[in-house]
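Notes follow the structure.
As the structure is a computational prediction, the values presented were derived from the model and not from experiment.
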2 protein chains.
Amino acid sequence: MKNLGNKIEILYNLCRDKQLKITPQRVEVYKALLASGDHPSAETVYAKVKKNLPNISLDTVNRTLNTLSLIGAAFVVEGSGDVRRFDGNLENHQHFKCVKCKKIFDFKHNAFENIEVPEELRHKFKVLRATVYIEGLCQSCLEKENKIQSN
Amino acid sequence: MKNLGNKIEILYNLCRDKQLKITPQRVEVYKALLASGDHPSAETVYAKVKKNLPNISLDTVNRTLNTLSLIGAAFVVEGSGDVRRFDGNLENHQHFKCVKCKKIFDFKHNAFENIEVPEELRHKFKVLRATVYIEGLCQSCLEKENKIQSN
DNA sequence: AACTATATAGTAATTAAAACTATTTGTCAA
DNA sequence: TTGACAAATAGTTTTAATTACTATATAGTT
Ligand SMILES: [Mn+2]
Ligand SMILES: [Mn+2]
Ligand SMILES: [Zn+2]
Ligand SMILES: [Zn+2]
């Protein structure tokens, strides 16, 4: 994780902008999210942060992750059918999600960046994020695939 | 809802293909999903189907919606931070989701159809769905917007 | 150093979704 | 047409994610 100090500084500024207090909990949650490098759930972040802040509560982790998303320091990964996953990587990238094991794979594809949001939408709504979302089966799940069973 | 009979026939065939039984519950859940025309939750579908099958259980609705998604008669709407929403409209279209009120808006945009899935992904994974996903604030939520509060 | 609004810890409540099990039923073959 | 049986369902419980609540602590400010 390079430029960590830089990113922490950005968090500080975002908090100050929004009149939110800079608390150890917020800093540690943010650090843990960045350090994970992938798409952790609140529970996963909680486990990590506990090492530095043994008394932090899961509720605080949840609230903080929501707060980070609200101020634009992170976002909730699109997709469904699983617990909420967060992403602290704000660089333009896309996600592939396995519908079976719920694993999320990052990928970059130039053609998918700078999506032109249609006029119609830009007028009607305030667009916060536009992304290409691809789902399917990952390799290991594909191998286990056989007959679909509904029960 | 036009061509309903046609779609039911497709459901029949999908079930037969996958060796799944054609039950009144499956047919009614599917009909309710189509009739809704939008993106109902299991709970919403449950309420509808109950009118025709008063004894159906919520669990069956949940299982059936999952089954419909598995066999390709429907899909789970991308997005997060809300209960699972299902879509029975298999025509190529995109979604805008309000992050605040969770409402999902369909839209069509030619440029977003026929997304070219990168080679890399097509080789590694079995791609089932690729779509552009846009989120933000809808008009009515935008009006209520003011200072972000985290607690 | 003191003040105060904000944030947190610890816990309880809520609620979506899955699991469990006895019973029913769709499918198929006799 | 009738049985046999695997699959599906109803009714219920369990699990687990997330939010709500409230007394206490604290960051930012004066
Ligand atoms: Mn990512
Ligand atoms: Mn739709
Ligand atoms: Zn997988
Ligand atoms: Zn809204």
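In this entry the distance linking CD of Glu28(A) with C1' of dA27(D) reads 16 Å, nearest Å. One atom, CG of Leu65(A), and another, P of dT19(D), lie 11 Å apart when rounded to the nearest Å. If you take CG of Leu53(A) and P of dG10(C), they are 12 Å apart, rounded to a whole angstrom. Distance Lys50(B) NZ to dT9(D) P: 16 Å, rounded to the nearest Å. Between the P atom of dT8(C) and the CZ atom of Arg63(A) lies a distance of 5 Å, rounded to the nearest Å. In this structure, CD1 of Ile71(A) is placed 15 Å from C1' of dT6(C), rounded to the nearest angstrom. Between the NZ atom of Lys18(A) and the P atom of dG28(D) there is a distance of 17 Å, given to the nearest Å. Put simply, CZ on Phe86(B) is 11 Å from C1' on dA16(C), counting in whole angstrom units.
A tilted orientation is assigned to the rings of His93(A) and Phe75(A), their planes being inclined by 30° to 60°.
Put simply, Thr60(A) has a side-chain N or O that comes within less than 4.0 Å of OP1 or OP2 on dA9(C).
Comment: Glu91(B) does not engage Lys108(B) in a salt bridge, judged by the lack of any side-chain N to carboxylate O separation of less than 4.0 angstrom. For the pair Arg129(A) and Glu135(B), the salt-bridge criterion is met [side-chain N within less than 4.0 Å of a carboxylate O].
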Anything under 3.5 Å between a protein N or O and an N or O of nucleotides 15-18 of chain D, put it in a table, one pair a line.
from    : atom 1 : to       : atom 2 : distance (Å)
dT18(D) : OP1    : Arg84(A) : N      : 2.8

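Asp106(B) and His39(B) are linked by a side-chain donor-acceptor pair at a separation below 3.5 angstrom, with hydrogens and angles left out of the test.
When the side chains of ILVMFWY residues are joined at heavy-atom separations under 4.5 Å, either directly or via intervening members, Leu33(A) and Leu90(A) end up in two distinct hydrophobic clusters. With hydrophobic clusters built from ILVMFWY side chains whose heavy atoms lie under 4.5 angstrom apart, Leu137(B) does not share a cluster with Phe105(B).
No donor-acceptor pair closer than 3.5 Å links the side chain of Glu28(A) to the backbone N or O of Asn52(A). Using modelled atom types, one side-chain atom of Thr64(B) and one backbone atom of Thr60(B) make a donor-acceptor pair closer than 3.5 Å.
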Exercise. With the sugar-phosphate defined as primed atoms, P, OP1 and OP2, and the base as all remaining atoms, what B/S/- string results for nucleotides 21-30 of chain C, 5' to 3', for protein heavy atoms under 4.0 Å?
Worked result: -----BS---
For this session: Please report the C-alpha distance between Val45(B) and Leu65(B) in whole Å, then the side-chain angles of each, then the deciding distance to 0.1 Å, and finally whether the side chain to side chain contact (heavy atoms under 4.5 Å, CB included) criterion is met.
Result: CA-CA 9 Å; Val45(B) 173; Leu65(B) 288 168; 4.2 Å; yes
